[in-house]
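My structure is below; once you've seen it, I'll send some questions.
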Amino acid sequence: MKFTRRLEAQTLRKLEGSLFIAPWVIGFLTFVAFPLGFSLYMSFHQVKITVSSVNYTFIGFQHYREILIANGSLLYEQLFPFLRESAMMIPIILVFSLLVAILLNLRFPGRTLFRVIFFLPVIFSSGQIVQEFIAQGEGSLSIMETLRIDYYLREYVPGAWAAPIQKVMESFVLVLWYSGVQILIFLAGRQTLPAAVYEASRIDGSGPWNTFWKITLPGLVPYIFLNLMYTVVDLFTFPSNPIVSMVNTTNYGSSSALAWIYFSIILTFVLLTLGLYSRVDKSLSGSRS
Amino acid sequence: MKIVERGNELATRLYGDRKLRGNLELLRYRVLGAEIDKGLLFKAVVYFILINVAFIYIKPILYMVTTMVKDAKNILDPSVIWVPRSLYWGHLQEASEMLNYGRSFLISVSLASSVAVLQVVSCAIAGYAFARLDFPFKKLWGALLLFTFIMPPQITILPSIMLFKSFGWLNTFLPMVVPALFGHGLKGALFVIIYRSFYSTLPKELDEAARMDGAGPFRMFFRVMFPIARSATVVVVLFSFVWNWNDFYFPSLYMFTAENVPLSITLARMAGEMKLAEGAGEITVYAEAIKMAASFLIIMPLLVVYLFAQRWFIEGVERSGLVE
């Protein structure tokens, strides 16, 4: 008797939970799973759209072969510079946002004002406005031209890297603009570190420098990886990114194939990040205990 | 040898001078502080960095505002860089005409706010279910939630267009609004994750107490759980509103031939028109000023919203379990 009642309670709980999650699941199936499957289907087909109907002819891996091998230069010319650029942008964004978050966490007069200003990028960076600013040349640092850094770069850095480095330097300010949400995440993460630990380390005579490396940084490791993931996703899905803008309505089949190739690249990066994280986390918790 | 001794003697005499030593100590205390992060030097460095970065963030806005009020004389005058000699509001008027501001503004407001409201409610429900309720295949759905977060919207965009076309929703707002109703839409997965991490920090006893008082699941959610997540809600509302306001990608693909479009689209259309005019040889010194005025008109509402919301927003960021 008692057993069945408990079972009933459990089913009831499951029913309740299912009721709450149902809208999301329905939404997922209609707006995510179905389009996802359909785009996979289209990527293996030649899609012909006529006035009255849409025709699909199965062509196997032809789209993939075309993008990756036969017509590969089209993708690679965009992809590799972009990957190199992101390889430089991501560390800059992470270090910068960590620095700013830690400074903003200090107590000093005018802190609120600075916080208001530093959250401004969250408002702008998603919009057309930033594109407008890039077009106006607001993204570059004027120091670049005065010191003729681009000239030295071209002279001393191997060709494949010089252009991306130059591009990142030119849009350095832009890189800072992209770190709005990252600053937020670090700031929120910094709040989770208990004040008592800092108190204790101060009493033990540890200076701020030491405290940062021994307490703040290890404590922020999860957030560093969260930010890394967010930055990767954000950079790779930004609508103005060169490969994303190649996905358009001119050719449904090959666009879908391109989107899938691109997605598998992103997925690789994210999985790499996650793998790295679990490793770092393990070694950190090992050294702590 | 002798010189060294003499030097030593001199040094000890100098150091022995108590008054000097006291002064030095005081100076050291003032400049470096009892601990590094209390001294003047440290503070100066902090302020230096912060002010510089703040300048980087503010400069484009300043540029926008100052350019937009320059008339022809000020634009052509090379001695005027930042502060124009006179104010001219004509560009604002022209830009607002070109943007069809009144109507597009209303469209943008209603679109962004309805999506934001729907996303808050639906994502809160989903996040709550993920954090505190039990349902079949919970692990699997959690993994799919993460997957949705990582997935670029571009991969589903073409089938979505076809899907919405078959519903007859193209050129309406429904493709943006309806997914929001189900906890998806623009960055919906992120909002679900924010709510999930917020709700998973609350103590288990809260549910039990409410249950004990005889509250049903829906009553409990809307009376206890939803109000309690205020700080997360502030963050989600602001993000959702701002991102939907700025979003250009979805509207440009779902309603490319529509008459009534949000501001982000009208801005792009305006830029296209101006480029066309430029190509046709109509070169005008006003182009930049008008563009800046248009940009200003678009972000001004966001700035106003942000200025009102910033206090709760900053608080919310610290408390919401935005991370966990």
Side-chain angles (χ1 to χ4, degrees), chain A residues 13-14 16-18 20-21 23-28 31-32 35-36 38-39 42 100 103 106 108 114-118 120-124 126-129 132-133 138 173 176 184-185 187-189 191 207-208 223 226 233 236-237 239 244 247 249 252 255-256 259-260 262-263 266-267 270, chain B residues 35-37 43 46 49-50 53-54 56-60 63 122 125-126 128-129 133-136 141 144 148-161 163 179 182-184 192 217 242-243 246-249 264 267-268 291 295 298-299 302 306 310 313-314 317-318 320 322-323:
Chain A
R13 276 192 46 146
K14 283 219 162 154
E16 262 178 44
S18 310
F20 269 86
I21 201 68
W24 188 86
V25 167
I26 293 170
F28 177 82
F31 301 118
V32 181
L36 202 67
F38 203 74
S39 86
M42 282 204 299
V100 168
L103 289 185
L106 299 170
F108 55 85
F114 277 113
R115 284 190 172 194
V116 171
I117 293 171
F118 279 75
L120 277 179
V122 176
I123 291 183
F124 297 122
S126 62
Q128 291 288 92
I129 308 299
E132 202 62 48
F133 287 150
E138 286 294 307
V173 173
L176 303 193
L184 283 187
I185 291 176
L187 207 56
Q191 304 292 323
Y223 307 111
L226 186 72
V233 173
F236 278 58
T237 60
V244 161
V247 178
T249 48
Y252 280 71
S255 282
S256 299
W260 272 94
Y262 189 57
F263 181 45
I266 299 178
L267 212 58
V270 171
Chain B
E35 284 158 44
I36 293 182
D37 58 348
K43 277 194 178 138
V46 167
I49 297 173
L50 286 178
V53 179
I56 286 176
Y57 286 152
I58 288 184
K59 191 183 152 205
Y63 174 78
S122 60
I125 291 174
Y128 172 68
L133 297 177
D134 201 18
F135 49 88
W141 292 120
L144 288 175
T148 318
F149 171 57
I150 295 167
M151 188 191 71
Q154 286 79 19
I155 197 165
T156 58
I157 191 82
L158 298 176
S160 299
I161 292 175
L163 180 75
F182 290 99
H184 292 268
V192 175
V242 165
W243 283 337
N246 282 333
D247 184 36
F248 167 75
Y249 189 68
S264 57
L267 178 68
K291 258 188 214 161
S295 306
I298 287 178
I299 58 167
L302 289 181
Y306 177 61
Q310 52 88 9
F313 179 65
I314 291 169
V317 166
E318 287 184 351
S320 66
L322 178 68
V323 290

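The sequence lines fix the lettering, A, B, ..., with proteins before strands; numbering per chain opens at 1.
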Nearest non-hydrogen partners of Pro217(B) and Phe20(A), listed with the distance: O-CZ, 3.6 Å
Phe149(B) versus chain A, the contacting section by heavy-atom distance below 4.5 Å: both
Parallel, tilted or perpendicular: ring planes of Trp141(B) versus Trp24(A), cut at 30 and 60 degrees: perpendicular
Winner by heavy-atom pair count (cut-off under 4.5 Å) against chain A, out of Pro179(B), Ala126(B), Ala129(B): Pro179(B)
Part of Leu163(B) lying under 4.5 Å from any heavy atom of chain A: side chain
Between Pro153(B), Pro152(B), Gly183(B), the one whose heavy-atom pairs under 4.5 Å with chain A are most numerous: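 When all of Pro153(B), Pro152(B), Gly183(B) are compared, Pro152(B) has the most.
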Considering all heavy atoms, the nearest Ala259(A)-Gln154(B) contact: CB-O, 4.3 Å
Between CG on residue Leu120(A) and OH on residue Tyr57(B), distance to nearest 0.5 Å: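 With rounding to 0.5 Å, CG (Leu120(A)) is 9.5 Å from OH (Tyr57(B)).
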Taking every non-hydrogen atom, the tightest pair across Val233(A) and Ile150(B): CG1-O, 4.0 Å
Closest approach of Arg115(A) to Tyr306(B) (non-hydrogen atoms, all atoms of both residues):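 Closest heavy-atom pair between Arg115(A) and Tyr306(B): O-OH, 4.0 Å.
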Proximal component of Leu144(B), with respect to chain A [non-hydrogen, under 4.5 Å]: both
Contact origin within Thr148(B) toward chain A - heavy atom pairs under 4.5 Å: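 The side chain, not the backbone.
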Heavy-atom side-chain proximity of Val53(B) to Phe114(A) below 4.5 angstrom: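 No, their side chains stay 4.5 Å or more apart.
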Option in Ile155(B), Ile58(B), Leu302(B), Leu133(B) with maximal non-hydrogen atom pairs under 4.5 Å from chain A: Ile155(B)
Largest heavy-atom contact set with chain B, pairs under 4.5 Å, which of Val116(A), Ile26(A), Ile266(A), Ile117(A): Val116(A)
Parallel, tilted or perpendicular, as decided by the 30° and 60° cut-offs, for the rings of Phe31(A) and Phe182(B):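 Aromatic pair Phe182(B)/Phe31(A) classed tilted.
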